[in-house]
Protein chains: 2
Amino acid sequence: MTADIVSGVTQPPPRPRKRSATRSVTLSDVAAASGVSAQTVSRVVRDPLSVSDETRARVQAALTATGYVPNLAASNLASNRSRTVAALVPQINASVFADTVHAFSTALAAHGYQIFVGTTDYRPEHEEEVLRSFLGRRPDGLLMVGTRHTPGTLTLLGAAGVPVVETWGWSEDPVDLLVGFSNAAAAAAMVGHLVERGRRRITFAGRHTSGDPRAAERLDGYTRAVRDLLGSEPRTVDAGPEPVTMDTGVALLDLALERHPDSDAVMFSSDVFAAGALQACVRRGIDVPGTLALAGFGDFELARHLVPALTTVAVPSARIGELSAELLLMRMRGAPVDVPHRDVGYRVVAREST
Amino acid sequence: MTADIVSGVTQPPPRPRKRSATRSVTLSDVAAASGVSAQTVSRVVRDPLSVSDETRARVQAALTATGYVPNLAASNLASNRSRTVAALVPQINASVFADTVHAFSTALAAHGYQIFVGTTDYRPEHEEEVLRSFLGRRPDGLLMVGTRHTPGTLTLLGAAGVPVVETWGWSEDPVDLLVGFSNAAAAAAMVGHLVERGRRRITFAGRHTSGDPRAAERLDGYTRAVRDLLGSEPRTVDAGPEPVTMDTGVALLDLALERHPDSDAVMFSSDVFAAGALQACVRRGIDVPGTLALAGFGDFELARHLVPALTTVAVPSARIGELSAELLLMRMRGAPVDVPHRDVGYRVVAREST
DNA sequence: GACCCTGTTGTTAGCGCTATCGGCAGCGCT
DNA sequence: AGCGCTGCCGATAGCGCTAACAACAGGGTC
């Protein structure tokens with residue numbers, strides 16, 4: 001509009017640009033209200049002790065008076081740190097992973113990190129997509145359930161250069177950190193237990209062909225153990241892409257009884273399946289463990305309450321979350337991690353159902 | 001731009017500032033690689049059709065060649081939209097809420113939103129803290145479980161000016177959107193069912209004094225119904241701050257039998273409690289429903305599998321998530337929401353345990 | 001030819017915050 | 001007085017992206 005004459009040169013008229021300005025309180029608002037610079041307010045927010053008592057008090061008063069809420073996006077951008085950690089799990093509503101995530105989240109929240117949870121719905125190709133969208137947030141760390149990944153996932157992880165913990169499995173060649181146990185060994189141990197209880201015709205029932213690598217690993221362990229201990233061929237039934245529900249467990253039981261009618265034990269890849277099957281047996285009057293022994297995996301709370309109580313493999317879900325948080329914190333701080341791969345083990349819990 | 005002599009005034013020489021530059025690929029990297037401006041690359045990423053076929057192809061090639069992953073923090077800051085929605089739930093590992101969150105998340109992910117989940121651990125004061133940290137991300141929308149909030153929470157919500165859906169309850173005076181049902185009415189309906197089945201000495205067992213407003217509302221509904229239908233005083237037992245587990249359910253059963261030994265029915269504030277109690281009865285040889293009727297709340301999958309199958313109140317958890325997403329999407333788009341408060345109802349599911 | 005479209009691309013100026021450096025006072029020591 | 005140090009605070013320049021506008025070509029209309 002008005003072209004002013006400044007130092008003899010015509011300045012281009014500064015056009016006012018409109019932005020849909022955020023309606024919220026900014027650092028400079030607080031700065032103005034307390035008579036200091038924005039930088040000082042930022043210091044009060046992030047490291048109060050680096051500011052004199054007097055100034056701090058004044059700024060803090062202004063902080064509460066204005067109701068300032070920091071804009072983390074701006075903070076991330078400026079500091080190149082997001083104070084965010086992403087967790088990639090197959091399902092939130094699967095309680096085992098929920099326990100891990102809960103412990104992980106609690107431990108990290110204590111250090112000022114927020115946790116993003118993403119679900120892959122047991123679809124490996126989905127993992128890549130979710131990961132990509134998460135990396136857009138530039139997380140400072142990453143937790144993943146599983147140790148098997150697509151090449152695309154590995155490329156993304158490599159390019160991102162973010163600390164990663166893989167969990168719930170075991171690998172000879174982890175991406176970075178690893179907190180887990182051998183699903184195969186755990187399943188083999190369960191076979192050992194069943195054999196010890198005199199079972200000889202053990203069937204494995206799970207969802208091992210449709211995107212659950214952990215179930216597949218358990219199947220491997222089962223297969224090897226059956227061959228080693230009993231010298232017999234594996235007998236398996238598969239749930240395909242069916243969801244991990246008690247209904248599916250009942251269906252698996254039916255399948256097992258149909259395909260392998262001489263089974264004297266069925267071990268499931270999850271307590272959820274086993275619980276469904278167990279209740280179905282009770283309802284039908286199939287004697288457990290007299291006629292048929294049943295075993296699960298995971299040691300959900302449910303397992304010990306059922307009648308008969310369910311034999312299962314206990315896995316320290318919450319411990320996995322805690323330990324993952326611990327290792328990740330060290331790595332994010334740049335501290336050396338002495339033992340980056342931790343085996344948390346498993347435990348066969350013998351109960352009434354076998 | 002450069003420091004030259006402008007209008008006879010010597011400009012101070014610009015010192016080069018060092019920043020710990022992000023190692024990752026930026027828009028301008030891609031722009032340079034494909035010979036267009038950064039803005040055009042941005043357009044290709046966000047709205048491919050606004051760019052000519054030829055340019056788009058070239059840019060997309062560069063995009064995959066460089067492995068570009070957008071920095072969402074920068075995007076948020078510039079556009080003042082985060083494409084993020086936050087969900088505040090009491091617990092992730094409580095499967096009912098997990099179903100809601102899952103449905104919510106799935107519905108919104110389809111529209112490009114990412115979901116932050118935060119847990120309050122059934123502590124209202126914690127809600128405020130979590131909310132504050134979430135608002136730092138400037139979410140475009142918010143889902144909250146519950147309709148009762150602290151004044152501090154309400155202030156935060158008001159100042160933030162973000163669309164909000166309250167869920168899992170009912171309120172005469174919602175903050176904004178509301179997708180839920182009356183917990184009180186649902187509990188009353190359960191009392192009605194029990195009375196219909198001939199029960200007269202009904203005990204309510206729950207966790208209603210320690211930060212679970214929904215359990216408290218159910219208690220209210222129970223109390224009113226008992227007075228109205230039976231003209232008797234309420235009999236209740238409380239779990240205090242104990243977690244919502246089957247163990248606690250057993251403890252509640254013990255408490256009920258001790259305090260109100262003449263009870264002919266116990267209704268629990270959650271299926272988890274009821275399931276624990278039910279299995280304890282089976283184990284102890286207490287005839288259900290002969291001696292004692294048991295009822296839960298939530299209609300978890302477990303309920304219909306138990307023997308005897310558990311009578312409960314079915315609540316459309318997933319539907320709540322879906323509908324919330326729907327309403328929130330409309331509001332976030334700025335579209336008018338015709339019916340901003342939706343009652344999704346409940347349903348008493350009579351099974352063998354009563 | 002003047003005019004107004006439409007479609008496509010580039011330019012500019014931030015969004016709100018923090019890293020980095022500079023400045024200045026106050027102190028202790030030589 | 002001179003020096004260095006520490007504690008505190010402010011000024012400046014971005015972080016990587018997008019909104020808003022500018023620019024321009026090509027086409028049609030009158």
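Below, read A as the first sequence line, B as the second, and so on, with proteins coming before strands; counting in each chain starts at 1.
Between A:Ser52 and D:dC9, a side-chain N or O to OP1/OP2 separation shorter than 4.0 Å is present. Contact check, A:Arg46 against C:dA19: a side-chain N or O comes under 4.0 Å of OP1 or OP2. At the phosphate of C:dT18, OP1 or OP2 sits under 4.0 Å from a side-chain N or O atom of A:Ser75. Between A:Thr55 and D:dC9 there is a side-chain N or O to OP1 or OP2 distance below 4.0 Å.
Distance from the side chain of B:Ser37 is smallest for C:dG10 among the nucleotides C:dA19, C:dG10, D:dC17. The side chain of A:Leu27 lies closest to C:dC17, out of C:dA19, D:dC17, C:dC17. The side chain of B:Ala74 lies closest to D:dC17, out of D:dC17, C:dG10, D:dC9. When the nucleotides C:dG10, C:dT9, D:dC15 are ranked by their closest atom to the side chain of A:Leu77, D:dC15 comes out on top. For A:Thr40, counting side-chain heavy atoms from C-beta on, the closest listed nucleotide (D:dG10, C:dC17, D:dC8) is D:dG10. Side-chain proximity of A:Val51 to D:dC17, D:dC9, C:dC17: nearest is D:dC9.
The backbone N or O of B:Ile320 lies less than 3.5 Å from a partner atom in the side chain of B:Ser324, making a donor-acceptor pair.
Note that the CG atom of B:Asp173 and the OG1 atom of B:Thr147 stand 10.0 Å from one another [nearest 0.5 Å].
Summary of the strand contacts: A:Ala38 and B:Gln39 both lie near DNA chain C, and taking for each the nucleotide with the nearest heavy atom, the more 5' one is attributed to B:Gln39.
Judged by distance alone with a 3.5 Å cut-off, no donor-acceptor contact links the side chain of B:Arg138 to the base of C:dG16.
Between the C1' atom of C:dG7 and the CG atom of B:Asp47 lies a distance of 13 Å, rounded to the nearest Å. Atom CG of B:Asn80 and atom C1' of D:dA20 are 15 Å apart (whole Å). Regarding A:Asp29, its CG atom lies at a distance of 12 Å from the P atom of C:dC15, rounded to whole Å. Per the geometry, CZ belonging to A:Arg137 stands 13 Å off C1' belonging to D:dC17, to the nearest Å. Note: CZ (A:Arg83) to C1' (C:dC17) measures 15 Å, nearest angstrom. As rounded to whole Å, 16 Å separates atom C1' of D:dG14 from atom CG of A:Asn76. Rounded to an integer number of Å, the gap from A:Asp53 CG to D:dG7 C1' is 12 Å. Following rounding to the nearest Å, B:Arg43 (CZ) and D:dA19 (P) show an atom-to-atom distance of 10 Å.
Sparse packing is recorded around CZ of B:Arg132, with 12 or fewer heavy atoms of other residues, nucleotides or ligands lying under 6.0 Å away.
Closest approach of B:Arg148 and B:Glu127 over heavy atoms only: O-OE1, 4.5 Å.
Between A:Arg331 and A:Asp176 there is a salt bridge, since at least one side-chain N of the basic residue sits less than 4.0 Å from a carboxylate O of the acidic one.
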